[in-house]
Asks: 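Can you keep this structure in mind? I'll have questions shortly.
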Amino acid sequence: MHYFVYVGDFFHICFRRSEKGKIKEHQKAMTARVEKITREAKTFSQWDKEKYIHDFLCESIHYDKLKKPYSHEIIGPLGHGVGVCEGIA
């Protein structure tokens with residue numbers, strides 16, 4: 001089972017059931033991170049917002065060959081800059 005948390009107009013974040021106890025902690029951290037990332041883009045057109053997020057993801061997230069546990073969640077790519085396919089998607 002997964003839990004979804006919506007963060008502004010940009011992201012919705014999915015957490016696994018195994019992390020149910022940490023959802024509020026992760027939500028707070030991810031909300032702060034998303035707000036920081038998207039602050040500059042709030043006045044952009046829809047297309048420019050999407051390109052801005054696309055460029056941010058491409059430039060700042062690296063594939064995690066060591067496959068740390070958080071690499072499978074949005075926490076890895078947005079919080080630590082690393083992730084595997086599942087976390088990046």
Side-chain angles (χ1 to χ4, degrees):
M1 179 175 218
H2 290 81
Y3 295 90
F4 291 91
V5 177
Y6 293 88
V7 181
D9 297 330
F10 289 93
F11 291 97
H12 71 272
I13 299 172
C14 175
F15 296 103
R16 295 176 192 268
R17 184 175 186 202
S18 61
E19 296 196 349
K20 185 177 178 183
K22 294 185 176 184
I23 289 177
K24 288 196 185 287
E25 177 185 333
H26 291 317
Q27 180 182 7
K28 184 177 178 181
M30 289 296 99
T31 299
R33 182 73 172 133
V34 168
E35 286 176 1
K36 183 177 180 183
I37 292 167
T38 61
R39 188 175 301 134
E40 183 180 331
K42 288 191 187 245
T43 61
F44 291 5
S45 69
Q46 186 61 37
W47 188 90
D48 288 335
K49 284 179 183 178
E50 291 177 24
K51 182 165 182 344
Y52 179 84
I53 297 302
H54 169 271
D55 292 348
F56 168 82
L57 296 173
C58 290
E59 293 169 5
S60 62
I61 297 173
H62 304 283
Y63 190 81
D64 183 15
K65 294 177 184 174
L66 299 176
K67 299 180 182 151
K68 297 169 193 73
Y70 55 74
S71 295
H72 294 269
E73 308 285 337
I74 191 65
I75 297 162
L78 284 184
H80 300 280
V82 295
V84 295
C85 297
E86 182 181 21
I88 294 169

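Here, residue 1 is the first one in the sequence, and each next residue gets the next number. Model, not experiment: these values are computed from the prediction. What you see below is based on every heavy atom in this structure, not just the backbone, and it leaves out hydrogens, waters and symmetry mates.
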Asks: Nearest 0.5 Å please: distance from the NE2 atom of His80 over to the CD atom of Glu73.
Replies: 11.0 Å
Asks: Evaluate the side chain to side chain contact (heavy atoms under 4.5 Å, CB included) criterion for residues Leu78 and Val34: first the C-alpha distance (whole Å), next the side-chain angles of each, then the deciding distance (0.1 Å), finally the verdict.
Replies: CA-CA 8 Å; Leu78 284 184; Val34 168; 3.9 Å; yes
Asks: Does Leu57 share a hydrophobic cluster with Ile88, counting links as ILVMFWY side-chain heavy atoms below 4.5 Å and allowing steps through other members?
Replies: yes
Asks: Between CD of Glu35 and CE of Met30, what distance do you get to the nearest 0.5 Å?
Replies: 12.0 Å
Asks: Is there a side chain to side chain contact (heavy atoms under 4.5 Å, CB included) between Val84 and Tyr63? Walk through the geometry before answering.
Replies: CA-CA 6 Å; Val84 295; Tyr63 190 81; 3.9 Å; yes
Asks: Distance check, rounded to the nearest 0.5 Å: Gln46 atom CD versus Asp48 atom CG?
Replies: 9.5 Å
Asks: Decide if atom NZ of Lys68 counts as having more than 12 heavy atoms of other residues, nucleotides or ligands within a radius under 6.0 Å.
Replies: yes
Asks: For a quick test of reading the model, state the closest non-hydrogen atom pair linking Pro77 to Gly83 and the distance between them.
Replies: CG-CA, 4.1 Å
Asks: What distance do Ile74 atom CD1 and Glu86 atom CD have between them, rounded to the nearest 0.5 Å?
Replies: 11.0 Å
Asks: Heavy atoms only: give me the nearest Lys49-Phe44 pair and the separation to one decimal.
Replies: CE-O, 3.4 Å
Asks: Between Tyr52 and Ile37 (side chain of the first, backbone of the second, donor and acceptor by atom type, cut-off under 3.5 Å), is there such a pair?
Replies: yes
Asks: Looking at OG1 of Thr38 and CZ of Phe56, how far apart are the two atoms once the value is rounded to the nearest 0.5 Å?
Replies: 10.0 Å
Asks: Roughly how far, to the nearest 0.5 Å, is the OG atom of Ser60 from the NE2 atom of His62?
Replies: 7.0 Å
